[in-house]
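What follows is one structure encoded as C-alpha cells, with my remarks underneath.
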Amino acid sequence: MLEIFVLVEHRQGQIRDLTYEMLGLGEKLANQQGTSFAAILLGHDVKSFAEDLATRAPKVLVVEDENLKNFNSILYQQTLSSLISKYQPCLLLMGHSALGMDLAPSLSVEMEFPLATDCIGLSFEGARLKATRSIYGGKVNASVSLRESKGYIATIRPGVFSPKMVGEKKGGIVMESSPLQGMVDVKKFIEYIEAPITGEDITQAEILISVGQGIGGPEHIPLFEELAKNLGGTISCSRPVVDRNWLPKERQVGISGKTVKPKVYLAIGISGAFQHVTAMQGSDTIIAINKDPRAPIFGVAHYGIVDDFQNVIPVLKEKTKSWK
Amino acid sequence: MNIAVCVKRIPKTAEADIFIEKDGKDIKKDNLVFALNDWDGYAVREAVLLKEKYEGEVIVLTIGPEESKEVLTRCLAMGADRAVRIEAPSSSDGHLIAKILAQATKGQSFDLILTGVQAEDDGWGQVGVALAQLLGLPHASIVTHIEVENGKAKVRRELEGGIEELLEVKLPAVLTIQTGINEPKYVSLSAILDAEDKETKEVGLEEIGFTSKAPLDATIDQVSFPPTGKMAEILKGTPEEVVGQLTEIIKKKKG
Ligand SMILES: Cc1cc2nc3c(=O)[nH]c(=O)nc-3n(C[C@H](O)[C@H](O)[C@H](O)COP(=O)(O)OP(=O)(O)OC[C@H]3O[C@@H](n4cnc5c(N)ncnc54)[C@H](O)[C@@H]3O)c2cc1C
Ligand SMILES: Nc1ncnc2c1ncn2[C@@H]1O[C@H](COP(=O)(O)O)[C@@H](O)[C@H]1O
C-alpha cells in the first residue's frame, strides 16, 4: 500500500490548525492500511515549519520556491502533480478550506483521482475509499463510495478530527527540487486584504445574543437589541444576516468572520453549519433556540429550546428587564 | 462581456421535517419546497451587474429535470437574457456535472463562467473549479468582488478569519461566487411574467454531444441521521416555564 499525503496549510507565516488535524487523520488511516504518511510542505523559507512538522510526521516532503510564498492554485497544482507522479500516493488529504476548495477539484480532474470534499469521516474498504459527508445543511450524513482508483483526494472539514500531537521520534525532512518554471500570468496573487477593525468587538463579549436567518428579517433586530441590553450582552450573527445587510460584517461569527468564546452564547434561528459552529463551539455555555428539533445546532449546544423564537424571546425580554 | 452562469435547483431543508427514502439512499423530496441555490442567486445577480457595466449577454444553464425550469425563469426575471436546461438524470457526482457543463459551454465565447461556491443540498463545492480544469481555463473560488479591465478580472477571494486575498485572473475564467458579493434585488411579479417570454432552450445530453459513459466518481450508498450522542438538554414546558429555566441558567453561567 502506498503512502498517504497530507498537504500542509500555512498562511502569513503560520501553520493552520487544520494541518495537525489532517496529520492526525493521516496517521490513523495509514495505520489501518499498514502504510505510512507524509506531510507535504510547499512554500518559501519554510525550514522552521519543516522542523515543527517533523515532530509530528514520519516524513516531511518540502518544495522550496519563492513562487510558492503565497498560495496560487496553479503553482500548487503543478507542484503537487509532479510529486504525485513521482511518489504515487494512494490518498492526498487537504483542508476543506479556502485553499483546498480552490485546488482539490482541478487537481482531481487533472490526475483522474476521484474527489470527496468536506469529509467528516474517511476509511478504506480494501483499496477503495469511503467517505462520510454531512449534507442537506447537516441534517443527514451520507456514506459515499468512490470508484476504484490508484489514488484519491479528500478535503477535510475543519474541527472534526483530533490533531496529531508531537511524537517521540523525529521524522525525516526530504527536500524536493521545485518543478516550477517561474510565475504564471493567468493567475496572480497581489495582496492580502485585512478587514479594518471598526465598531463592536464581539470577541470581547461575555454574553452573545447571536441571530441567524431564522429570525426572518431585520425588523426583529430591535427586539434582540433590547434583550442584549437587559442581559448586558452583545449582538452577533450568522453569515446570511450580514449578506442580507441586517447587521454589519463585524458582527459575523464563523470561519469567515470572528471566532468567539463567550461565557454564554445564545444562538437564535441559526441552523448550525460547520462554518458557523467551528468558530463558537469553544463558548462556555451554548444555548440554542430553534423551531426545528433536528437543527444541527442542537448537536453542539448544551441547552436547547425547540420553539419559534417569537414565543420565547419576548417573554425572556420581559423577564430580564429588571437585570439591567 | 458574455457570461454564463451555472445554476441548480435545490430542496430547502433548513426548516423542513426530513424523512429518508425506503432505499436509504436519499431523503424524501416530495414534501419539500425547491428554490434556486442561494449561492447561484448571487452569481446571477453579479452577472447581471457586470453586464450592465460592460455590456454583453448573460446565459443561465442548469442540468436537471423539467421542474428546474422554474429556477431558470427566476434567473431570467433577475435579468439574464437566455436560459438553457440540460435534461439529465439527477446525480450526486460533481465531476459528472462539471463534465456535462464543460461540454455545454465548450467553444462558446464566454468571457466569464460563474458558478456558486457550493450547492446548499449536497455541498460538494467542487463543480466550478472542476469545470475550469476541464475547459483549460483559470479559476478563482469563493469570490467576493470582481472588477474587469484589459482582459483581466481583479477579484477578491475570501479566506478564513476575515482575511481576503486580491488576485488577478486572465479572462476567460471561471469564478465561484460567494454569498454577500452584491445586494440581491427584489424580483417583481411583472419581471417574472416578462421572463416567461424570454428564450429557454431545452436540450438532451446527445444534443450537446455528451456521450461519456465513464463510471461515476462518487455514489451515495446510504444516508442516515447524524448520531444524537451529545445532544443538548432540551428545556421543556410552556414558554414561561422554559424562560424560567433559561434565566436560571444564564444567571448562573454569566457569573
Ligand atoms: C466558504 C464559506 C464560508 C462561510 N462562512 C460562514 C461564516 O463565517 N459564518 C456563518 O455563519 N456561515 C458561514 N457560511 C455559511 C454557512 O454554510 C451557512 O449557510 C450559514 O451559517 C447558515 O446560516 P443560518 O444558520 O443563519 O441560516 P439557515 O441555515 O437558513 O438556518 C436558519 C435556522 O433558523 C431556524 N428557524 C427558522 N425560523 C425560525 C423561528 N421563527 N424561530 C426559531 N428558529 C427558526 C430554522 O429551523 C433553521 O435551523 C459559509 C459558507 C461558505 C461556503
Ligand atoms: N445540476 C447543476 N446544474 C448547473 N449547475 C450546477 C449543478 N450542480 C451544481 N452546479 C453549479 O456548481 C456550483 C457548486 O455546486 P457543488 O460543487 O455541487 O457544491 C453550484 O453553485 C452551481 O453553480
Side-chain angles (χ1 to χ4, degrees), chain A residues 74 97-98 101-102 105-106 109-110 114-118 135-137 139-147 185-195 206-207 231 242-243 245 255-258 263-264 271 284-285 287-288 292 294 298-299 301-306 311-312 315-316 319-320, chain B residues 13-15 18 20 27 95 120-126 129-130 132-134 138-142 156-160 162-170 179-180 183 215-226 230-235 239-240 242-243 246-247 249-250 253-255:
Chain A
I74 296 183
S97 58
M101 290 174 83
D102 207 47
S106 48
V109 169
E110 181 189 343
L115 169 66
T117 63
D118 192 16
I135 59 175
Y136 296 117
K139 286 175 108 170
V140 296
N141 287 348
S143 317
V144 178
S145 280
L146 297 179
R147 80 168 153 79
D185 68 346
V186 290
K187 187 174 187 178
K188 267 194 230 151
F189 170 87
I190 301 174
E191 62 181 353
Y192 292 111
I193 303 169
E194 276 173 63
E206 296 208 328
I207 299 187
L231 296 178
V242 174
D243 290 339
N245 281 335
I255 220 159
S256 52
K258 303 237 169 78
K263 283 189 179 155
V264 178
S271 61
D284 287 350
T285 301
I287 305 162
D292 174 13
R294 286 210 202 268
F298 291 123
H302 303 98
Y303 301 95
I305 296 172
V306 181
N311 295 335
V312 181
V315 183
L316 181 61
K319 195 155 175 158
T320 52
Chain B
T13 49
E15 288 170 39
I18 300 292
I20 290 174
I27 59 170
H95 188 201
E120 284 174 63
D121 52 358
D122 47 19
W124 285 98
Q126 171 182 11
V129 174
Q133 177 74 27
L134 290 163
H139 70 263
S141 61
I142 328 180
R156 275 197 235 150
R157 285 190 71 223
E158 180 182 284
L159 309 175
E160 288 79 12
I163 299 175
E164 297 190 314
E165 63 180 2
L166 184 64
L167 295 179
E168 209 173 70
V169 185
K170 207 166 154 211
T179 54
E183 266 185 58
L216 294 179
D217 274 8
T219 37
I220 293 184
D221 296 331
Q222 199 199 340
V223 299
S224 56
F225 292 113
K230 46 175 185 110
M231 275 285 284
E233 178 187 332
I234 301 295
L235 310 180
E240 281 70 24
V242 165
V243 165
L246 185 57
T247 46
I249 294 167
I250 297 176
K253 302 292 176 180
K254 77 177 207 161

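Naming: A, B, ... by sequence-line order, numbering from 1 per chain.
Between B/F225 and A/R294, the closest heavy-atom pair is CE2-NE, 3.7 Å. Closest of all the heavy-atom pairs between B/A130 and A/P105 is N-CB, 3.6 Å. Of all non-hydrogen atoms in A/I190 and B/L167, the two that sit nearest each other are CD1-C, 4.0 Å.
For the pair A/T320 and B/T247, the minimum side-chain heavy-atom distance is below 4.5 Å. At a threshold of 4.5 Å between non-hydrogen side-chain atoms, the residues B/D221 and A/V144 do not count as touching. Counting heavy atoms from C-beta outward, B/H95 and A/L115 have side chains that stay 4.5 Å or more apart. Using a 4.5 Å heavy-atom threshold, the side chains of B/E165 and A/F189 count as touching. Side-chain contact between A/M101 and B/V129: absent, with no pair of heavy atoms (C-beta onward) separated by less than 4.5 Å. With contacts defined as side-chain heavy-atom distances shorter than 4.5 Å, the pair A/D118/B/W124 does not qualify. Residues B/I163 and A/I193 fail the side-chain proximity criterion, which asks for heavy atoms closer than 4.5 Å. For the pair A/V312 and B/V243, the minimum side-chain heavy-atom distance is below 4.5 Å.
At a 4.5 Å heavy-atom cutoff, the contact between B/A218 and chain A is made by backbone and side-chain atoms alike. Interface remark: A/V315 contributes backbone and side-chain atoms alike to the contact with chain B (heavy atom separation under 4.5 Å). With a 4.5 angstrom heavy-atom cutoff, B/H139 touches chain A via backbone and side-chain atoms both. Both the backbone and the side chain of A/S145 come within less than 4.5 Å of a heavy atom in chain B. Only the backbone of B/L216 comes within less than 4.5 Å of a heavy atom of chain A; no side-chain atom from C-beta onward does. At a 4.5 Å heavy-atom cutoff, the contact between B/I249 and chain A is made by side-chain atoms alone. For chain B, the nearby part of A/I207 is the side chain; its heavy atoms alone come within less than 4.5 Å. Contact of A/S97 with chain B is made through backbone and side chain together, with heavy-atom distances under 4.5 Å. B/L159 touches chain A through backbone and side chain together, each having a heavy atom under 4.5 Å away. Contacts of A/L316 with chain B are made by both backbone and side-chain atoms, with heavy-atom separations under 4.5 Å.
Side chain of B/E120 to main chain of A/Y136: no donor-acceptor pair is present (N/O by atom type, distance under 3.5 Å, no hydrogens or angles). Under the 3.5 Å distance criterion, the side-chain polar atoms of A/K187 are left unmatched by any main-chain donor or acceptor of B/A140. Side chain of B/T179 to backbone of A/D243: no donor-acceptor contact under 3.5 angstrom is found. A/D102 places a side-chain N or O within 3.5 Å of a backbone atom of B/S141 that can act as its donor or acceptor partner. Under the 3.5 Å distance criterion, the side-chain polar atoms of A/K139 are left unmatched by any main-chain donor or acceptor of B/I18.
The line from CZ of A/F298 to CD of B/E233 is 12.5 Å long, rounded to the nearest 0.5 Å. Note that CE of B/M231 is 13.5 Å distant from NE2 of A/H302, once rounded to the nearest 0.5 Å.
Annotation: salt bridge (charged side-chain N to carboxylate O under 4.0 Å, His left out) contacts of A/K258 (sequence neighbours excluded): none. With sequence neighbours excluded, no residue forms a salt bridge (charged side-chain N to carboxylate O under 4.0 Å, His left out) with A/D284.
Among the candidates A/I74, A/I287, A/V242, the residue making the largest number of heavy-atom pairs closer than 4.5 Å to chain B is A/I287. Counting heavy-atom pairs closer than 4.5 Å to chain A, the top-ranked of the candidates B/E183, B/E15, B/Q222 is B/Q222. For the set A/G137, A/A301, A/A288, the entry with the most heavy-atom pairs within less than 4.5 Å of chain B is A/A301. Ranked by heavy-atom pairs under 4.5 Å with chain A, the first of B/V242, B/L246, B/I20 is B/L246. Options B/K170, B/E168, B/E240 differ in how many heavy-atom pairs under 4.5 Å they form with chain A, and the most are formed by B/E168.
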Legend entry - Verdict with supporting geometry, B/K253 and A/V264, side-chain contact (heavy atoms from CB on, under 4.5 Å): CA-CA 7 Å; B/K253 302 292 176 180; A/V264 178; 3.7 Å; yes

Inset, instruction - Under the side-chain contact (heavy atoms from CB on, under 4.5 Å) rule, what do B/I27 and A/V140 come out as? Steps first, then yes or no, please. - result: CA-CA 8 Å; B/I27 59 170; A/V140 296; 4.0 Å; yes

Inset, instruction - Take B/V223 and A/N141 through the test side-chain contact (heavy atoms from CB on, under 4.5 Å) and record every step on the way to the result. - result: CA-CA 5 Å; B/V223 299; A/N141 287 348; over 6 Å; no

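For the residue pair A/S256 and B/E158, a side-chain donor N or O sits within less than 3.5 Å of a side-chain acceptor on the partner.
The neighbour count for B/K254 NZ, taken as heavy atoms of other residues, nucleotides or ligands under 6.0 Å away, is above 12.
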